[in-house]
2 protein chains.
Amino acid sequence: MEVKLPTFDSVFSIDCVIFGFEAGELKILLIERNEEPFKDWLALPGYIVEQDESIDNAAERILYELTGLRDLHMQQFHTFGEVNRHPQGRVITVAYYALIRINGQKEVKPVTQYAKSAFWHPVNDLPKLAFDHSEIFTTGFNKIKRRLNYQPIAFELLPEKFTLTQLQSLYEAVMNKKLDKRNFRKKMLSYGFLKELDEKQKGVSYRAAKLYKFDRRKYTKIFQNDLIADKAGV
Amino acid sequence: MEVKLPTFDSVFSIDCVIFGFEAGELKILLIERNEEPFKDWLALPGYIVEQDESIDNAAERILYELTGLRDLHMQQFHTFGEVNRHPQGRVITVAYYALIRINGQKEVKPVTQYAKSAFWHPVNDLPKLAFDHSEIFTTGFNKIKRRLNYQPIAFELLPEKFTLTQLQSLYEAVMNKKLDKRNFRKKMLSYGFLKELDEKQKGVSYRAAKLYKFDRRKYTKIFQNDLIADKAGV
DNA sequence: ATATAGTGTGTCAGATTTACACCATTAAAT
DNA sequence: ATTTAATGGTGTAAATCTGACACACTATAT
């Protein structure tokens, strides 16, 4: 069964690669599609941009409708414009990523009928995705891998208060390699934008680690000279 | 006089920021528009994407039509999708940059009527541009500033054979700061991807400098481990 | 009390980065 | 022939950063 697209000459869409970090694993949000084409396939959350909304606003709206998530800091990273990337017509898609704290989020679930479900899936074991979404994911993943080294994006994935070990294991998960504990701590602390709290980790059956917090004010003060304002997050 | 846009529901366009280096200055290509809106204004080369061409192909075609330049390595860098960025309707534009050798290029000139003329203009002294093109330029400029430090893009701006002083002055022009000559040379040569030629500079009234050539084969060999394949040029 | 599991810490060697100044070469001017 | 003007080309030492590496401490569970 084929459902016709609206009769636009050109259609824009947004696709979102939403990263989260849980149980030591990096994950992304997928949805199960409820519409042709690719009905029942897994896909990145994405949909068509309306005439009267900016693409940044569209990205927020669409993500909300498909997953129930709001107020993420979405960042555009690439636009995919092959002629035949959509089987039913010409659809150019602008891809966005965002990083969020999974813990403490209410469960993700679609608020429209376009998706049957939404869920977190580890990036290391992704199934085949609808359209060219596997390629979109890979491009986005490479982007954040690089960005991790010069932008404070790690902190968006962690709870507000975190231990240095958690921070390290996030870096290890994204970069997919082991880091030296002492060197990692020395370096992170040397930047001066981590604030040591008077609190300790709770509920562990071993020596509790100190908790830290990312101090964005200090970060921008320290790095303001290096920062080149740029739509694409530098 | 207002010319109506074609009755697309949505229109895609491409805008190009084409960098060149001449007389120690970084320049970009501008056109003088020959159509409403913004008739007679200066603008980035840009036009509408056809239904049956990928955006990458469209970028090449459009640049050719407006400037006569062909076969540049165009790189997408950002998509601009504010609702009112175009006064006559909804136009989302994908911005590309490219770097080229000005010297030795035949003169740039439009092959369609959409532009009256095309010419190089120093980036340090840009006039107000049509649409949001000033913003597009700035975003693109910041992109290449960063990229200069981890991608071999400088060599695309220089003639095939160049002196180390030329290379340095290009870096200085892009980064807008002075570099130390000895350190710059030591570092560049240490990478091992510059090939020293048996030739010297000609036609100067002082000691002629050695000429070098960028060896792309060596470059990729040396850096293949660091490279993360990525649509956006890493 | 002791076993367990993860926390938290310092040093040294090697590599990289930065700062810094003078003689060499060429063509043009005298 | 000599001088001048302009740029080419080179080395070293100090400071900083990076990477490798191992063990005692602490909180809890039993």
Side-chain angles (χ1 to χ4, degrees), chain A residues 21-25 103 146 148-150 154 158-159 161-173 175-214 222-223 225-226, chain B residues 21-25 103 146 148-150 154 158-159 161-173 175-214 222-223 225-226:
Chain A
F21 186 62
E22 193 180 42
E25 274 190 317
N103 292 332
R146 280 204 76 94
L148 189 66
N149 291 311
Y150 56 87
L158 292 174
K161 300 169 183 180
F162 52 84
T163 69
L164 290 178
T165 303
Q166 286 166 353
L167 183 60
Q168 182 177 343
S169 80
L170 169 55
Y171 271 79
E172 290 177 341
M175 294 165 53
N176 198 28
K177 76 175 180 200
K178 283 284 174 196
L179 302 172
D180 178 88
K181 181 161 64 158
R182 278 178 286 192
N183 292 338
F184 180 82
R185 286 164 179 244
K186 203 187 327 172
K187 187 152 181 199
M188 276 296 156
L189 292 173
S190 77
Y191 290 137
F193 53 62
L194 290 185
K195 183 167 174 181
E196 184 180 330
L197 302 176
D198 280 337
E199 252 173 295
K200 300 210 161 177
Q201 208 176 14
K202 290 245 161 63
V204 290
S205 74
Y206 47 80
R207 175 179 178 180
K210 278 184 209 157
L211 290 171
Y212 291 81
K213 199 167 156 169
F214 174 61
I222 296 167
F223 290 101
N225 296 327
D226 287 355
Chain B
F21 186 62
E22 192 179 44
E25 274 189 316
N103 291 333
R146 281 204 75 94
L148 189 66
N149 291 311
Y150 55 86
L158 291 174
K161 300 169 184 181
F162 52 85
T163 69
L164 291 179
T165 302
Q166 285 166 355
L167 183 60
Q168 182 176 344
S169 79
L170 169 55
Y171 271 79
E172 290 177 340
M175 295 165 53
N176 198 28
K177 78 174 179 201
K178 282 282 172 197
L179 301 172
D180 178 88
K181 181 162 66 161
R182 276 178 288 191
N183 292 338
F184 180 82
R185 284 162 181 246
K186 203 187 327 172
K187 186 150 182 201
M188 274 298 156
L189 293 173
S190 77
Y191 290 137
F193 52 63
L194 290 184
K195 183 166 174 184
E196 184 180 330
L197 302 177
D198 280 338
E199 251 173 295
K200 299 210 164 179
Q201 209 176 15
K202 291 245 162 64
V204 289
S205 76
Y206 46 81
R207 177 178 178 183
K210 278 184 209 158
L211 290 171
Y212 291 80
K213 201 167 155 169
F214 174 61
I222 297 167
F223 291 100
N225 297 326
D226 286 356

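All values below come from the heavy atoms of this structure, side chains included, with hydrogens, waters and symmetry mates left out. Chain A is the first sequence line, chain B the second, and so forth, proteins listed ahead of strands; every chain is numbered from 1.
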Check nucleotides 23-29 of chain D against the protein and report each pair of N or O atoms closer than 3.5 Å, with its distance, or say if there are none.
{"unit_1": "D:dC25", "atom_1": "O2", "unit_2": "A:Arg207", "atom_2": "NH1", "d": "2.8"}

Give every pair of a protein N or O atom and an N or O atom of nucleotides 17-19 of chain D that lie under 3.5 Å apart, one pair per line with the distance.
{"unit_1": "D:dG19", "atom_1": "N7", "unit_2": "A:Asn183", "atom_2": "OD1", "d": "3.4"}
{"unit_1": "D:dG19", "atom_1": "N7", "unit_2": "A:Asn183", "atom_2": "ND2", "d": "3.4"}
{"unit_1": "D:dG19", "atom_1": "O6", "unit_2": "A:Lys186", "atom_2": "NZ", "d": "3.1"}

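Sorted by first and then second residue, the salt bridge (charged side-chain N to carboxylate O under 4.0 Å, His left out) pairs involving residues 189-207 of chain B (not counting sequence neighbours) are B:Lys161-B:Glu199, B:Glu196-B:Lys210.
Judged as a ring pair (Phe, Tyr, Trp, His ring centres under 6.0 Å), and not counting sequence neighbours, the contacts of B:Phe214 are B:Phe155, B:Phe193, B:Tyr219. Not counting sequence neighbours, B:Ser205 has no partner by the side-chain hydrogen bond (donor to acceptor under 3.5 Å, both in side chains) test.
Between B:Asp180 atom CG and D:dT10 atom C1' the separation is 12 Å, expressed in whole Å. Atom pair B:Phe184:CZ and D:dG9:P shows a separation of 13 Å (rounding to whole Å applied). Between the CZ atom of B:Arg185 and the P atom of D:dT7 there is a distance of 13 Å, rounded to whole Å. Computed from coordinates, the B:Glu199 CD to D:dG8 C1' distance equals 17 Å when rounded to whole Å. Atom-to-atom, CD of B:Glu196 to C1' of D:dG9 comes out at 11 Å; the value is rounded to the nearest Å.
The side-chain heavy atoms of A:Leu148 and A:Tyr171, taken from C-beta on, include a pair separated by under 4.5 Å. Looking at heavy atoms from C-beta onward, A:Lys177 lies in side-chain contact with A:Leu179 at the 4.5 angstrom threshold. You'll find the side chain of B:Thr165 reaches within 4.5 Å of the side chain of B:Arg185, heavy atoms only. A heavy-atom distance below 4.5 Å is not found between the side chains of B:Tyr212 and B:Met188.
Taking the 5' to 3' direction, DNA chain C first and last meets chain A under 4.0 angstrom from a heavy atom at C:dA5 to C:dT11.
Residue A:Thr163 is classed as having no contact, given no heavy-atom separation below 4.0 Å to the nucleic acid.
Separation of atoms OH (A:Tyr150) and OH (B:Tyr150) is listed at 4.5 Å; rounding is to 0.5 Å. Atom CG in A:Asn183 sits 11.0 Å away from atom OG in A:Ser190 (nearest 0.5 Å).
Here the closest heavy-atom approach between residue B:Leu211 and residue B:Gln201 is recorded as CG-N, 3.8 Å. Residues B:Leu167 and B:Ala154 come closest through the heavy atom pair CD1-CB, 4.0 Å.
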